[in-house]
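Structure record follows, encoded as structure tokens.
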Amino acid sequence: MAEELDGLIDLALKGDKKAIARLITLVENDEEKAKEVIQRVYPLTGKAYVVGVTGPPGSGKSTLLDKLIKLARDEGHRVGVIAVDPTSPFTGGALLGDRLRMQRHSTDPGVFIRSMATRGALGGLAKATNDAIKVLDASGYDLIFVETVGVGQIEVDIVKTADTVVLVTVPGLGDEVQAIKAGLMEVADIFAINKADREGVEMVYLELKMALEFERDKWKELGWEPPIVETTAFTLRGVRPLWEAIKRHMEYMESSGRLRERRTFRAREEVKTIIASSVAKRVEERLAEGEAKELIDEVVERKLDPYSASRIVMEKLKEDLWR
Amino acid sequence: MVDRSKVRVVVAKPGLDGHDRGAKVVARALKEAGYEVIYTGIRQTPEQIVETVVQEDASVLGISILSGAHMVLIPKILRLLEEKGLKPGEDVAVFAGGIIPPDDAEELKKMGVFEVFGPGTPLKAIIEAVDKAVENLKRFGA
């Protein structure tokens, strides 16, 4: 298996799309393989810039992305795309339909598009999204777009993934802006009001502008106030200004040192997530043992309180963690 | 049985007909059955479809066609898959659906399509046939 993996990685680094696709499947399906793949490709990553595109369902994220890919290709970028759609919590199945808006790029040798299902993750991305980005990064895609599932208010995992976050909204969602203010607003570096040929675009613009006004001091200190760009993806209106805004933000991130800051935060989050999930696994293993079951029984029978019981289990965990 | 939620299926519509009701119903049914389904949309070239199978690392490809061009487009897709090192029946299970006369269906099956589903096929029959075809693929241990 190790040799097979080496072969796949070699091919992927040479740009073989079948090998890249296979590696993404490995990091998606198999924790142990994911570890091996990432350990090997990680030294080759860090060259790609990651742009996240998020926003409510039906706001036109995929269509906008299709147009952005074109502009990025015109400027010579090799573009990777990861488009996330939800897995049904009832059947485990998923219908991934973002790709169909971008299909004209599928035969472009400089574009790699991968659809991804959330498989139970709740933050707007899939668990393996970050690892898939690393595979694309190592394979020479220097600009990677990540499209989240259609989000409401609190699915903000995209900040743990992207260097620049574009929030796409549309007119006519009623109190949408109110909702955005509760969480999504803080993660956006750029706002796009898509479907701007519709009625109500001025209202959305004003509401966003006013919401941003509240944090004027913060923007001053940061040296970046999120621009609001009106777009109509279908007719291309505003798409180029949006692309220019993204590029301006990239430059700002690099020159201000914010990129390093954001990537430090992200690395920390990533390490934390890995520790937390392996600890959680050990805890499950411990609790599945006979000794722990007796302890739980004692808690049920009020012979022991839950805090003392967990203390006892934690003492044992120390050994497990270094196994 | 293979864990369906880790099996990726591409449902594609090659050629110039825009009748996508059937493709969408089948995509939906496979999703409801627990598969991860990627839908390409209409008017796809064989090249686009094969690239999609490659980049999505799909194990199953469903081709819906009602234009009458199936004896041109489907063999071309099969050939392009082979050129990518994806052997129909071994690396990727290919099925077709739409308006395809029985004689042509037989020909297509000889070329590596595992089944051709005409109008009126119960969705359950499609899901069962896909399940079986998946189990015969190399990557799932056949």
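Every chain is numbered from 1, with letters handed out A, B, ... down the list of sequences. Nothing here was measured: the structure is a model prediction, and the numbers come from that model.
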Engaged part of I113(A) at the chain B interface, taking heavy atoms whose separation is under 4.5 Å: both
Within 6.0 Å of NZ in K109(B), more than 12 heavy atoms from elsewhere: yes
Within 6.0 Å of CZ in R4(B), more than 12 heavy atoms from elsewhere: yes
Heavy-atom check, side chain of K6(B) versus side chain of R119(A), under 4.5 Å: yes
Enclosure of K127(A) NZ (heavy-atom neighbours >12, cutoff 6.0 Å): no
Chain A-proximal positions within residues 34-43 of chain B [heavy-atom distance under 4.5 Å]: G34(B), Y35(B), E36(B), V37(B), I38(B), Y39(B), T40(B), G41(B)
Atom CD of E31(A) with >12 non-hydrogen neighbours under 6.0 angstrom: no
Part of residues 56-81 of chain B lying next to chain A, heavy-atom separation under 4.5 Å: E56(B), D57(B)
Max heavy-atom pair count under 4.5 Å with chain A, selected residue of K84(B), E51(B), Q48(B): Q48(B)
Within 6.0 Å of CG in L236(A), more than 12 heavy atoms from elsewhere: yes
Closest approach of G92(A) to S5(B) (non-hydrogen atoms, all atoms of both residues): O-CB, 3.3 Å
Over 12 non-hydrogen atoms of neighbours within 6.0 angstrom of NZ in K124(B): no
Distance in Å, R22(A) CZ paired with R139(B) CZ, rounded so as to fall on 0.5 Å steps: 4.0 Å
Atom NZ of K70(A) with >12 non-hydrogen neighbours under 6.0 angstrom: no
Portion of V111(A) that has a non-hydrogen atom of chain B nearer than 4.5 angstrom: backbone
Crowding at CZ, R73(A) (>12 non-hydrogen neighbours, <6.0 Å): yes
Heavy-atom pair with the smallest gap, counting every atom of S88(A) and K31(B): CB-CE, 4.2 Å
Under 3.5 Å: donor-acceptor pair, side chain of Q55(B), backbone of F112(A): no
Chain B interface, residue from I20(A), N29(A), I24(A), T25(A) that has the most non-hydrogen pairs under 4.5 Å: N29(A)
